[in-house]
There are 2 protein chains.
Amino acid sequence: MAEAVLRDSVDNKYPSPFVAVDVVVFRVVEGKLQVLLIERRKPPFQNTWALPGGFIGLDEALEEAACRELREETGVSVTLIEQLYTFGDPGRDPRGRVISVAYLALLPPGEGAPQAGDDAVRAAWFPVMALPALAFDHGEMVGRAVERLRVKLQIEDAAFHLLPSEFTLSELQSVWEAVLGVSLDKRNFRRRVLNSGQVTEIGRRRSGEGRPARLYRYHPRRK
Amino acid sequence: MAEAVLRDSVDNKYPSPFVAVDVVVFRVVEGKLQVLLIERRKPPFQNTWALPGGFIGLDEALEEAACRELREETGVSVTLIEQLYTFGDPGRDPRGRVISVAYLALLPPGEGAPQAGDDAVRAAWFPVMALPALAFDHGEMVGRAVERLRVKLQIEDAAFHLLPSEFTLSELQSVWEAVLGVSLDKRNFRRRVLNSGQVTEIGRRRSGEGRPARLYRYHPRRK
DNA sequence: ACAAAAGTGTTGAGAGTACACCCATGC
DNA sequence: GCATGGGTGTACTCTCAACACTTTTGT
């Protein structure tokens, strides 16, 4: 196999590190931005909270590995996932050289009923603003993921991946406010959204407290 | 060593791929955006043009490895470098599983007198708009790098890293036009640059053809 | 009736865009 | 004196930010 040729010919010259993936999954619940974490079952960092993730298979695409590890460790399946950054400092893992490719994923509320998998004691959602101490450099990963999410919100359509398929404008605004960590003017916000052509109205509903709100659906018109 | 523990305990379960870095170095000369390429000395893709790059050392940070490979293969040292994207499709390298972390680097004109190193027959600059066929997935890397550079130009100060420390506004505009691939209105461009507070004037000079142009220096005031 | 959330317009400031001519120098 | 690139101002449009009250429902 071609692999063997490379490995034989360069083994000592180019020793190979391990390659892992880690996933930062966000959702917004009750106006709070949350991250999905697992409690590690094995050392290092046993019983410490960490991002879901693990080593890649040799014939597995990076993104596939990210989805698989997420599913195995938390039972969560995800709609949107994209590469975030690759963390490769020597010393970031006490076991040796491990390069980790971090991924960013978004989840609508209600779909994340995390069940702990093999390598996790348990899995749970934490508010980004009140995270426990994290294993490895996972704190830095979350920080970078939040930055990226804020950009994606404003330039792309990230907010809609954090909502169910039918939503009210107030819910949409609440997602924006949770992600950006600021409060927005209701009138300006609604005008901007409606003028963008990204949403289309459907039948009204959502009659909880107060006046019932119109429901909208995302329509990815704009390139 | 900790490394050994991990390798022993999980060797078959988590076989490790190889990890490489590749660097997309840009410069602008005569109004054209150029990329630095090498002609590969060894197979695979022998005598094909490719980005400078190679396998990482086990105790070497990714960015260090990128700078080292660039220096070894082309003799070029670089001022600004940042991580671009990690390419990890199984099958992207015929020798076996190789994950490559791509970096983006910028160079002012005049500093890139490429000398071929060990693994390269020769090194040379190519206009982005007229690239030869590239080895591996390096064509995709260049494409992604151009996209990223266009964004960095507009949101950050990337243009100044493509210029000498003293430059005229026309040179600055020429860099923008080369990177974006469009032509810009001179008056609007100059007003925007001068209002941004990013440049400060110094003594006038640059007396080539026509009226001599004022020289400016980059001043990274704005956050 | 009242509590609770939904919905609605106007105004001012700043940023971007379009557009054409005169100026200083080298030859 | 002419060729070459350097340098300059105005008017229009559009986007964004600030700002407060009325409407509809459930209890």
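All chains are named by letter (A, B, ...) in the order of the sequence lines, taking the proteins before the strands, and each is independently numbered beginning at 1.
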_Listing request: all salt bridge (charged side-chain N to carboxylate O under 4.0 Å, His left out) pairs with a residue in residues 135-151 of chain A, at least two apart in sequence or in separate chains._
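For residues 135-151 of chain A, and leaving out neighbouring residues, the salt bridge (charged side-chain N to carboxylate O under 4.0 Å, His left out) pairs sorted by first residue read A:Glu82-A:Arg148, A:Arg92-A:Asp137.
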In short, salt bridge (charged side-chain N to carboxylate O under 4.0 Å, His left out) pairs touching residues 172-196 of chain A with sequence neighbours left out are none
Exercise. Quick one: list whatever passes ring pair (Phe, Tyr, Trp, His ring centres under 6.0 Å) with A:Phe87, sequence neighbours left out.
Key: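 Partners of A:Phe87 by the ring pair (Phe, Tyr, Trp, His ring centres under 6.0 Å) criterion, ordered by chain and then number, come out as A:Tyr85.
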Sorted by chain and residue number, the ring pair (Phe, Tyr, Trp, His ring centres under 6.0 Å) partners of A:Phe167 (sequence neighbours excluded) come out as A:Phe160
Residue pairs involving residues 174-197 of chain B (criterion ring-ring contact (aromatic ring centres under 6.0 Å, His included); sequence neighbours excluded) =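 Every ring-ring contact (aromatic ring centres under 6.0 Å, His included) pair that includes a residue of residues 174-197 of chain B, provided the two are not neighbours, is B:Trp176-B:Phe189.
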Let's see if you get this right: which residues in residues 208-217 of chain B place a heavy atom under 4.0 Å from DNA chain D?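 Output list: B:Glu209, B:Gly210, B:Arg211, B:Pro212, B:Ala213, B:Arg214.
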Note: contacts of residues 173-189 of chain A with DNA chain D (heavy atom, under 4.0 Å) are A:Asp185, A:Arg187, A:Asn188
Between C:dA6 and A:Ser170, is there an OP1 or OP2 to side-chain N/O distance shorter than 4.0 Å?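 True: A:Ser170 side-chain N/O within range (under 4.0 Å) of C:dA6 OP1/OP2.
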Both B:Arg191 and B:Leu169 contact DNA chain D. Taking the nearest nucleotide for each, which residue is further toward the 5' end?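 Going by which nucleotide is closer to the 5' end, it is B:Leu169.
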Rounded to whole Å, how long is the line connecting atom [atom1] of [X] with atom [atom2] of [N]?
| X | N | atom1 | atom2 | value |
| --- | --- | --- | --- | --- |
| A:Glu201 | C:dA6 | CD | C1' | 12 Å |
| B:Arg192 | C:dA15 | CZ | C1' | 10 Å |
| A:Arg205 | C:dA6 | CZ | P | 16 Å |
| A:Phe167 | C:dA6 | CZ | C1' | 16 Å |
| A:Arg206 | C:dG7 | CZ | C1' | 17 Å |

Under a 4.0 Å heavy-atom criterion, DNA chain D is touched by chain B from D:dT4 to D:dT10
Closest non-hydrogen contact found for A:Pro108 with A:Leu163 is CB-O, 3.5 Å
By side-chain hydrogen bond (donor to acceptor under 3.5 Å, both in side chains), which residues pair with [X], not counting sequence neighbours?
| X | value |
| --- | --- |
| A:Gln115 | none |
| A:Glu64 | none |
| B:Thr74 | none |

CG (A:Leu172) and OH (A:Tyr216) are apart, to the nearest 0.5 Å, by 10.5 Å
Give every donor-acceptor pair under 3.5 Å between a side-chain atom in residues 45-55 of chain A and any protein atom, sequence neighbours left out.
residue	atom	partner	partner atom	Å
A:Gln46	NE2	A:Arg41	O	2.9
A:Thr48	OG1	A:Phe45	O	3.3

